[in-house]
Engineer: 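Got a structure here, written out as structure tokens. Questions coming.
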Amino acid sequence: MADGQALDEVVTFTSDLIRIDTTNRGGGDCRERPAAEYAAEQLAGAGLEPVLLERTKGRTNVVARIEGTDPSADALLVHGHLDVVPAEARDWSVHPFSGEIRDGVVWGRGAVDMKNMDAMILAVVRNWAREGVRPRRDVVVAFTADEEASAEDGSGFLADQHPGLFEGCTEGVSESGAFTFHDGAGRQLYPIAAGERGTGWLKLTARGRAGHGSKVNKENAVTRLAAAITRIGEHEWPLRLTPTVRAALTELAALYGIEPDLTDIDALLEKLGPAAGLVEATVRNSANPTMLEAGYKVNVVPGEAVAYVDGRYLPGGEEEFRTTLDLLTGPDVEWEFHHREVALQAPVDSPTYAKMRAAVEEFAPEGHVVPYCMSGGTDAKQFSRLGITGYGFAPLKLPADFDYQALFHGVDERVPVEALHFGVRVLDRFLRSA
């Protein structure tokens with residue numbers, strides 16, 4: 001059981017890490033090294049030998065291994081990223097990099113994504129060192145750079161250039177799972193992620209005939225691009241059920257006493273009420289236009305126009321995604337992957353999933369654990385190149401008025417102290433049993 005010092009440390013570590021500004025603006029504009037050195041110092045204090053690794057100067061990753069008692073057992077990867085998305089201080093109630101602790105809440109960028117989990121990992125590892133605890137299987141701890149952009153300097157670099165550090169790892173756990181989801185009817189759900197949609201960020205390029213803005217131009221690149229973007233934005237993607245989402249719908253239907261009619265998913269989602277929010281974004285592929293670039297002067301028709309689209313596809317859905325984009329863009333617009341990563345799926349009947357469920361239920365017996373698929377992605381995509389099956393498991397017990405999902409990349413990101421205490425206890429319980 002996590003001791004009182006672990007409960008204090010998880011709060012301190014969360015606050016300290018938030019105060020280290022690791023804003024990732026993309027394009028290499030980030031420096032995680034101070035946070036990596038902080039994490040390495042805490043790991044070294046637990047008797048471990050952390051390794052600091054960089055592909056690019058200042059973009060630092062930390063990896064350490066805890067030897068288990070059973071050398072024949074597969075190893076487990078526990079990972080978190082050190083970078084955060086940008087935050088505009090003028091929009092916040094407190095400075096986003098203050099790490100302020102006020103009224104039982106830790107404030108700042110990274111409080112839920114995901115310096116809280118980083119802090120939990122550190123607190124658990126240090127607690128084990130004090131108690132002389134060794135897990136059954138080897139546990140590899142990794143803190144990564146660059147997750148909020150391409151992961152090229154982080155998990156991608158580690159998986160491609162340092163696979164030996166993860167030898168024996170067959171499963172991994174990281175962010176976005178085992179948090180309290182209040183359904184508005186008094187039930188507390190704890191979704192554990194067992195899948196992720198694939199990432200298909202697209203660059204669209206339309207070419208036409210440049211000319212004067214006052215002249216008729218039937219080869220206008222902007223017009224061609226706008227037409228393609230409109231078709232993409234208005235497209236209704238067909239329903240597709242993956243095994244993870246099917247399991248989620250089946251378990252939720254049983255919990256609510258609803259006939260699990262998987263032939264009419266829209267009707268089933270409507271019956272589930274707010275709980276449908278856990279699955280509705282993962283029953284189909286999606287493509288959202290997000291950026292437009294064209295022209296340099298109002299009276300000049302440009303010869304080229306560019307747009308970017310945030311595309312996501314389900315496990316097994318990439319071919320359909322590609323084919324559909326070919327049709328929607330049409331003959332006058334080219335598209336290519338600006339960034340692409342695989343979709344993931346993990347079994348919900350595995351011993352590891354059962355142990356995660358048991359750990360949550362021990363400390364939240366009133367809760368209901370359900371599987372779900374993430375609509376976005378994590379570093380688990382890159383680590384999957386090493387044959388590591390990824391789960392989302394960063395436990396937090398949250399009050400009913402705490403909109404956890406809205407705080408991801410949002411304003412006034414924060415996490416209750418009690419949620420961190422719960423997370424340490426549950427993570428400790430799971431890792432000891434894993």
Side-chain angles (χ1 to χ4, degrees), residues 23-30 83 85-88 146-153 156 196-240 280-315 317-343 374-378 381-382 408-410:
T23 299
N24 190 343
R25 296 177 179 83
D29 184 7
C30 185
D83 59 327
V85 296
E88 288 290 343
D146 203 26
E147 191 274 347
E148 295 292 2
S150 66
E152 291 178 358
D153 281 309
E196 300 180 8
R197 290 199 299 175
T199 303
W201 294 346
L202 312 176
K203 178 182 179 181
L204 276 61
T205 304
R207 294 181 175 86
R209 177 168 52 83
H212 200 287
S214 67
K215 304 290 186 180
V216 174
N217 191 326
K218 295 184 180 300
E219 300 173 55
N220 188 316
V222 175
T223 302
R224 289 172 170 176
L225 182 68
I229 284 295
T230 299
R231 289 192 294 271
I232 291 170
E234 293 179 348
H235 180 68
E236 293 189 12
W237 293 84
L239 289 161
R240 298 284 185 265
E280 61 187 356
T282 56
V283 296
R284 47 172 56 89
N285 295 338
S286 67
N288 283 311
T290 54
M291 296 173 64
L292 294 169
E293 299 173 358
Y296 61 90
K297 200 170 185 292
V298 68
N299 63 344
V300 177
V301 177
E304 182 177 288
V306 173
Y308 291 88
V309 174
D310 185 338
R312 311 284 173 150
Y313 45 84
L314 294 164
E318 183 176 349
E319 183 177 350
E320 177 189 55
F321 182 81
R322 288 172 179 266
T323 302
T324 303
L325 261 296
D326 287 341
L327 294 173
L328 294 175
T329 51
D332 298 322
V333 178
E334 300 175 356
W335 72 269
E336 61 184 315
F337 282 114
H338 177 64
H339 176 66
R340 172 186 170 273
E341 275 296 344
V342 297
M374 295 185 206
S375 61
T378 73
K381 293 185 183 303
Q382 286 73 32
F408 267 81
H409 299 189

Engineer: Are the side chains of Val85 and Thr23 in contact, using a 4.5 Å heavy-atom criterion?
Structural biologist: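 Side chain of Thr23 against side chain of Val85, heavy atoms only: no contact under 4.5 Å found.
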Engineer: Please report the interatomic distance CE(Met291) to CG(Asp310), rounded to the nearest 0.5 Å.
Structural biologist: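 The CE atom of Met291 sits 11.5 Å away from the CG atom of Asp310.
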Engineer: Measuring only between side-chain heavy atoms, which start at C-beta, is Arg240 closer than 4.5 Å to Asn285?
Structural biologist: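 No; the side chains remain at least 4.5 Å from each other.
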Engineer: Between Gly303 and Ala210, what is the shortest heavy-atom contact and its length?
Structural biologist: N-CB, 3.8 Å
Engineer: Do the side chains of Val301 and His212 get nearer than 4.5 Å, heavy atoms only?
Structural biologist: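 Sidechains of Val301 and His212: no contact.
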Engineer: Does Phe337 form a side chain to side chain contact (heavy atoms under 4.5 Å, CB included) with Lys203? I'd like the steps, not just the answer.
Structural biologist: CA-CA 6 Å; Phe337 282 114; Lys203 178 182 179 181; over 6 Å; no
Engineer: Do Asp146 and Glu148 have side chains that get closer than 4.5 Å, going by heavy atoms?
Structural biologist: no
Engineer: Are any of the side-chain heavy atoms of Thr199 and His339 separated by less than 4.5 Å?
Structural biologist: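 Yes. Closest side-chain heavy atoms under 4.5 Å.
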Engineer: Strictly by modelled atom types, are Lys297 and Asn299 linked by a side-chain donor-acceptor pair under 3.5 Å?
Structural biologist: yes
Engineer: With rounding to the nearest 0.5 angstrom, report the CG to CG distance, Asp83 to Asp153.
Structural biologist: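 One finds 10.0 Å between CG of Asp83 and CG of Asp153.
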Engineer: Check whether the side chains of Ser286 and Arg197 place a donor and an acceptor atom closer than 3.5 Å, and report yes or no.
Structural biologist: yes
Engineer: Working to the nearest 0.5 angstrom, can you tell me the gap between Leu328 CG and Thr230 OG1?
Structural biologist: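 The OG1 atom of Thr230 is 11.0 Å from CG of Leu328, to the nearest 0.5 Å.
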Engineer: Test side chain to side chain contact (heavy atoms under 4.5 Å, CB included) on Phe321 and Glu319; report intermediate values, then the result.
Structural biologist: CA-CA 5 Å; Phe321 182 81; Glu319 183 177 350; over 6 Å; no
Engineer: Decide yes or no on side chain to side chain contact (heavy atoms under 4.5 Å, CB included) for Leu325 and Val309, but give the supporting numbers first.
Structural biologist: CA-CA 11 Å; Leu325 261 296; Val309 174; 5.7 Å; no
Engineer: Once rounded to the nearest 0.5 Å, what's the spacing between atom CZ of Arg312 and atom OG of Ser375?
Structural biologist: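 Nearest 0.5 Å value for the CZ-OG distance: 7.0 Å.
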Engineer: Give me the atom names and distance for the closest heavy-atom approach of Ala221 to Pro302.
Structural biologist: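 Looking at all heavy atoms of both residues, the closest pair is CB-O, 3.8 Å.
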Engineer: Could you tell me whether Arg284 and Glu236 make a salt bridge, using a distance below 4.0 angstrom between a side-chain N and a carboxylate O?
Structural biologist: no
Engineer: Count the heavy atoms belonging to other residues, nucleotides or ligands that lie under 6.0 Å from CD of Glu336, then report whether that count exceeds 12.
Structural biologist: yes
Engineer: Can you tell whether the side chains of Glu341 and Lys381 come within less than 4.0 Å, N to carboxylate O?
Structural biologist: no
Engineer: Let me know which of Arg224, Glu219, Arg207 forms a side chain to side chain contact (heavy atoms under 4.5 Å, CB included) with Asp332.
Structural biologist: Arg224
Engineer: For the residue pair Ala294 and Ala305, what are the closest heavy atoms and their distance?
Structural biologist: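 Shortest heavy-atom contact: CB-CB, 3.7 Å.
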Engineer: Quick check against the 3.5 Å criterion: does Thr290 have a side-chain atom that pairs as donor or acceptor with the backbone of Tyr308?
Structural biologist: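 Yes, the answer is positive, given that a donor and an acceptor are paired below the 3.5 Å cut-off.
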Engineer: Return the minimal non-hydrogen interatomic distance between Pro86 and Asn24, and the atom names on each side.
Structural biologist: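 The pair with the smallest heavy-atom distance is CD-O, 3.6 Å.
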Engineer: Could you check whether any side-chain heavy atom of Arg340 comes within less than 4.5 Å of a side-chain heavy atom of Tyr313, counting everything from C-beta outward?
Structural biologist: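 Arg340 reaches Tyr313 side chain to side chain.
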Engineer: Any heavy-atom pair between the side chains of Arg231 and His235 that's under 4.5 Å?
Structural biologist: no
Engineer: Using ring pair (Phe, Tyr, Trp, His ring centres under 6.0 Å), reason through His338 and Trp201 one step at a time and then give a plain yes or no.
Structural biologist: CA-CA 5 Å; His338 177 64; Trp201 294 346; 7.1 Å; no
Engineer: What are the two closest non-hydrogen atoms of Leu314 and Thr282, and how far apart are they?
Structural biologist: CD2-O, 3.1 Å
Engineer: Strictly by modelled atom types, are Glu334 and Thr329 linked by a side-chain donor-acceptor pair under 3.5 Å?
Structural biologist: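 There is no such pair between these side chains.
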Engineer: Is there a side chain to side chain contact (heavy atoms under 4.5 Å, CB included) between Val306 and Leu204? Walk through the geometry before answering.
Structural biologist: CA-CA 5 Å; Val306 173; Leu204 276 61; over 6 Å; no
Engineer: Does Thr378 offer a backbone N or O that forms a donor-acceptor pair with the side chain of Glu196 under 3.5 Å?
Structural biologist: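 Present.
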Engineer: Does a side-chain heavy-atom distance below 4.5 Å link Arg209 with Asn217?
Structural biologist: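 When only atoms from C-beta onward are counted, Asn217 and Arg209 do touch, with a gap below 4.5 Å.
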